[in-house]
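Below you'll find the structure, written out as structure tokens, and then a few comments.
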Amino acid sequence: MDRSGLQRVLNWLIDGAKTSGTSADMIAAVCEKLVDAGLPLWRFGIFIRTLHPEIFGRNFIWRQGQKVEMGTVDFDILDTPEFAQSPLRIVFEQGIEVRGRMNDPDSERFPFLDDMRVEGVTDYIAVPMPFLDGSIHATSWVTRRPGGFSDDDIAAIRMIMAPLARVSEIVSLRRTAEMLLDTYVGNRAGARILGGQIRRGHNDTMQAAIWLSDLRGFTALSDRLPAETVVEILNRYFDCQVTAIRGHGGEVLKFMGDGLLAVFPIDEYVGDASHVCARTLEAAREARASVDALAHPVGDVVERFRFGVALHVGNILYGNIGGGNRLDFTCIGPAVNLAARLEKIAGRLGRTVVVSEGFAKVCGHDWRNLGDFPIAGFSKAQRVYGLAEETPVVMA
């Protein structure tokens, strides 16, 4: 192992790995620099646990002569036999190194290493990578050199861990911030917040199709069912909509009790208004079918559900609104107000989907004129349209 070469790698990491771009680029660069310094590295893995409601962690795998492979694993992995018998489980849970020399019978307790033997691996070591917040992440180092890693090699790996952990933590924190913002405010809003739009008054005008929906009979449902059951129902109900909305290019901005506000931005990257409104309508139909199929057993009763959604298209003010240091990234404007009023009309008419006259004109479809309705706050009555194939349902 070339000590001066190792020191150059350490200095590069301490300086922030500035010449690398993406996480994959950084990992490839550090592995190649270590190989150039004499470390007989054939395969390297880095495993980062994440703060995400669905994803347990991300992994990056480097092999000599190949591009870095990236992947994610969900929480189900914790219940698998593969994880139970993995060296990484010991690293995550106990924060200690785990070594598996292929000529050591003790390594046979890890079935994962059987695959490594087939590939000619001679030595494997999993090393904990602690972050400053106390969380334990992991790396794995693999060689095919006869005799495995030397004592100098292991010492070099241990020396590299502290600066590698600091760079990885910085990258991971930004990634976590992005994921949390995506989770709580949506990806478009999250990107703007990370981009510096964090002060009250940072607002933009945006043209969009607007979606505003709620669950029919939610108040009565909440009154007769335990709160835990209501939350479970709401989560399943929102799943029916969020999947459809995101699948057709929309972004969920806000959950309000049983209500949901979403926008489908219209710009040169996604298509014109007619294209976006057509996708919005398709999302509404998909959500309607999912809610219709939703059944939730409560005791001897199977609960079924209906919802209503109003669609409109117009300009909205999109950005930071709030008081003091408590802000919300949301959208406001007459177009949003009209969508909210239309959603109430949908309930009165027993309709699942209603749209404004503006939406109906932009989105060519077989619409049924449901009449003109006075809208609070608007100077003249608004014409409302519904789907011709939809049969109104009178709520009891």
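All residue numbers in this chain count up from 1 along the given sequence.
- Here the shortest heavy-atom pairing between A339 and A310 reads O-CB, 3.4 Å.
- Not a single donor-acceptor pair under 3.5 Å links the side chain of R99 to the backbone N or O of I125.
- At a cut-off of 3.5 Å, with distance as the only test, a side-chain donor of S150 or D153 sits close to an acceptor on the other residue.
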Quick one: do F44 and V142 satisfy side chain to side chain contact (heavy atoms under 4.5 Å, CB included)? Show the steps, please.
CA-CA 6 Å; F44 170 78; V142 178; over 6 Å; no
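- Follow the hydrophobic side-chain contacts under 4.5 Å out from V309 and you reach L221 in the same cluster.
- Between the side chain of D292 and the backbone N or O of A289 there is no donor-acceptor pair closer than 3.5 Å.
- Both M159 and I27 are part of a single hydrophobic cluster, where members link through side-chain heavy atoms under 4.5 Å apart.
- A262 and V252 make their closest contact through CB-CA, 4.0 Å (heavy atoms, listed as atom of the first residue, atom of the second, distance).
- Between W211 and T280, the shortest heavy-atom contact is CZ3-O, 4.0 Å.
- Ring planes of F92 and F83: parallel class, angle under 30° (limits at 30 and 60°).
- Contact of the T50 side chain with the F56 side chain is not registered, since no non-hydrogen atoms from C-beta on lie closer than 4.5 Å.
- For R117 and S107, the side-chain atoms include at least one donor-acceptor pair closer than 3.5 Å.
- Nearest heavy-atom pair across A165 and P130 is CB-O, 3.7 Å.
- Note that CD of E97 and CD1 of I157 are 8.5 Å apart. Values are rounded to the nearest 0.5 Å.
- Aromatic pair F255/F238: ring centres closer than 6.0 Å.
- Follow the hydrophobic side-chain contacts under 4.5 Å out from F305 and you reach I245 in the same cluster.
- For the atom pair OG1 (T352) and CG (L349), the distance works out to 11.5 Å, reported to the nearest 0.5 Å.
- Listed for the R101 side chain is no donor-acceptor partner under 3.5 Å among the backbone atoms of G148.
- The only member of R236, E303, R304 that meets side chain to side chain donor-acceptor pair (under 3.5 Å) when paired with H296 is R236.
- Put simply, the side chain of I48 reaches to within 4.5 Å of the side chain of F131, judged on heavy atoms.
- Side chain to side chain, H137 and E169 fail the donor-acceptor criterion of an N or O pair below 3.5 Å.
- Within the 4.5 Å cutoff, the side chain of W12 has heavy atoms near those of the M26 side chain.
- The line from CD1 of I375 to CG of N337 is 11.0 Å long, rounded to the nearest 0.5 Å.
- Transitive grouping of hydrophobic side chains (ILVMFWY, heavy atoms separated by less than 4.5 Å) keeps V231 and F218 in distinct clusters.
- At most 12 non-hydrogen atoms from other residues, nucleotides or ligands lie less than 6.0 angstrom from CG of D151.
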Would R144 and M116 count as a side chain to side chain contact (heavy atoms under 4.5 Å, CB included) if you check the C-alpha gap in whole Å, the side-chain angles of each, and the deciding distance to 0.1 Å?
CA-CA 9 Å; R144 295 199 294 187; M116 294 286 99; over 6 Å; no
Criterion side chain to side chain contact (heavy atoms under 4.5 Å, CB included) on Y237 and F307, from CA distance to verdict
CA-CA 9 Å; Y237 160 68; F307 85 120; 3.5 Å; yes
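- Atom CG of L88 sits about 13.0 Å away from atom CD of E82, to the nearest 0.5 Å.
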Donor-acceptor pairs under 3.5 Å, side chain of residues 60-74 to any protein atom, not counting sequence neighbours: which ones?
unit_1	atom_1	unit_2	atom_2	d
Q64	NE2	L41	O	2.8
D74	OD1	D76	N	3.0

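- Counting only residues at least two apart or on different chains, no salt bridge (charged side-chain N to carboxylate O under 4.0 Å, His left out) pair has a member in residues 36-46.
- Side-chain contact check for I316 versus Q207: every heavy-atom pair is 4.5 Å or farther apart.
- Defined by atom type and a distance below 3.5 Å, a donor-acceptor pair is missing between the side-chain atoms of S213 and E343.
- Between M206 and V263 the shortest side-chain heavy-atom distance falls below 4.5 Å.
- For the atom pair L261 CG and K254 NZ, the distance stands at 7.5 Å (nearest 0.5 Å).
- Note: the hydrophobic cluster containing I46 does not contain I90 (ILVMFWY, side chain heavy atoms under 4.5 Å, direct or indirect links).
- Residues passing the side chain to side chain contact (heavy atoms under 4.5 Å, CB included) test with S290, sequence neighbours excluded: C240.
- Side chain of R351 to backbone of L387: a donor-acceptor contact under 3.5 angstrom is found.
- The side chain to side chain donor-acceptor pair (under 3.5 Å) test with S356 is passed by exactly one of R383, Q382, H312: H312.
- Counting heavy atoms from C-beta outward, M129 and L164 have side chains that approach closer than 4.5 Å.
- The backbone N or O of D214 lies less than 3.5 Å from no partner atom in the side chain of D258, so there is not a single donor-acceptor pair.
- Considering only heavy atoms from C-beta on, I266 comes within 4.5 Å of V313 through its side chain.
- Side chain to side chain, D272 and S274 meet the donor-acceptor criterion of an N or O pair below 3.5 Å.
- Tested against Y124 for a ring-ring contact (aromatic ring centres under 6.0 Å, His included), the candidates W42, W141, F112 yield a single pass: F112.
- Nearest heavy atoms, A209 versus C277: CB-SG, 4.3 Å.
- Of all the heavy atoms in P265 and A208, the pair that sits closest is CA-CB, 4.0 Å.
- Listed for the D15 side chain is no donor-acceptor partner under 3.5 Å among the backbone atoms of A17.
- If you run salt bridge (charged side-chain N to carboxylate O under 4.0 Å, His left out) between E390 and each of R368, R285, R288, only R288 comes through.
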Apply side chain to side chain contact (heavy atoms under 4.5 Å, CB included) to residues D123 and N103 and explain how you reach the verdict.
CA-CA 8 Å; D123 203 352; N103 61 0; over 6 Å; no
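- L6 places a side-chain heavy atom less than 4.5 Å from the side chain of I160.
- Annotation: the span from L10 atom CG to K33 atom NZ amounts to 12.0 Å, rounded to 0.5 Å.
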